[in-house]
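Below is one structure, written out as structure tokens; the observations come after it.
Hydrogens, waters and symmetry mates play no part in the numbers below; they use all other heavy atoms, side chains included.
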Amino acid sequence: MNDGRLQTIIAAVEARFPGARVEIGLDPWPGTARIPVFTILLDADLDTRRAAQAFALQLGLDAFGREDLPYVVSAVTPETWARYQRDAAEALAQEAASKN
């Protein structure tokens, strides 16, 4: 996703929420639609993560206007995201093994 609007949104989120880091990539879980996820990695309480998610979503809606937002927005702790990635990798490996 090479879009200047996206870089502006990422910069705004990371500036407003110190310590936040944004990753954009396909959801790795085998059972989900393979669409980009705008993931905010933020080691903070649930209310702060929800505020960061709402902020990023509103910025995206403002920036993309009448266009469909080209990603979904999620805010999680780095540990939660790492666990999700591990579980997804295991599920993908099991799915591949069952096809052989």
(request) Could I get the full list of side chain to side chain contact (heavy atoms under 4.5 Å, CB included) partners for Ala12, not counting sequence neighbours? (result)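 With sequence neighbours excluded, Ala12 shows a side chain to side chain contact (heavy atoms under 4.5 Å, CB included) to Phe55, Leu59, given in chain and number order.
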(message) Holding to side chain to side chain contact (heavy atoms under 4.5 Å, CB included), I want the full list of residues that pass it with Ala56, two or more places apart in sequence or in another chain.
(response)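 With neighbours one apart ignored, the set is Val13, Phe38, Ile40, Val73.
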Roughly how far, to the nearest 0.5 Å, is the [atom2] atom of [Y] from the [atom1] atom of [X]?
X	Y	atom1	atom2	result
Leu61	Arg66	CG	CZ	13.0 Å
Thr77	Arg83	OG1	CZ	6.5 Å
Ser74	Leu41	OG	CG	9.0 Å
Leu42	Arg50	CG	CZ	13.5 Å

(request) For Asp62, check side-chain hydrogen bond (donor to acceptor under 3.5 Å, both in side chains) against everything at least two apart and list the hits. (result)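 For Asp62 the side-chain hydrogen bond (donor to acceptor under 3.5 Å, both in side chains) partners, ignoring immediate neighbours, are Gln58.
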(message) My understanding is that only residues two or more places apart in sequence, or in another chain, count here; which of them pass side-chain hydrogen bond (donor to acceptor under 3.5 Å, both in side chains) with Asp45?
(response)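 Counting only residues at least two positions away or on another chain, Asp45 forms a side-chain hydrogen bond (donor to acceptor under 3.5 Å, both in side chains) with Thr48.
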(request) For Glu90, check salt bridge (Lys or Arg N to Asp or Glu O under 4.0 Å) against everything at least two apart and list the hits. (result)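 Glu90: no salt bridge (Lys or Arg N to Asp or Glu O under 4.0 Å) contacts found.
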Can you give each donor-acceptor pair under 3.5 Å made by side-chain atoms of residues 16-24, sequence neighbours left out, with the distance rounded to 0.1 Å?
{"unit_1": "Arg21", "atom_1": "NH1", "unit_2": "Glu23", "atom_2": "OE2", "d": "2.6"}
{"unit_1": "Glu23", "atom_1": "OE1", "unit_2": "Trp81", "atom_2": "NE1", "d": "3.1"}

(message) Looking at every heavy atom in both Pro70 and Pro36, which two are closest together, and how far apart are they?
(response)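 Looking at all heavy atoms of both residues, the closest pair is O-CG, 3.6 Å.
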(message) Which residue is it: Leu69, Ile9, Val72? I am looking for the one with a side chain to side chain contact (heavy atoms under 4.5 Å, CB included) to Leu57.
(response)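 When Leu69, Ile9, Val72 are each tested with Leu57, the side chain to side chain contact (heavy atoms under 4.5 Å, CB included) holds only for Leu69.
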(request) Report yes if some heavy atom in the side chain of Phe64 is under 4.5 Å from a heavy atom in the side chain of Asp3; otherwise report no. (result)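 When only atoms from C-beta onward are counted, Asp3 and Phe64 do touch, with a gap below 4.5 Å.
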(message) Tell me whether Arg49 contacts the main-chain N or O of Ala44 through its side chain, where contact means a donor paired with an acceptor under 3.5 Å.
(response)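 At least one qualifying donor-acceptor pair exists.
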(message) Go through it in stages, so that I can follow the logic: the residues are Tyr71 and Leu6, the test is side chain to side chain contact (heavy atoms under 4.5 Å, CB included), and I'd like the CA-CA distance, side-chain angles, deciding distance and then a yes or no.
(response) CA-CA 10 Å; Tyr71 51 80; Leu6 190 55; 3.6 Å; yes
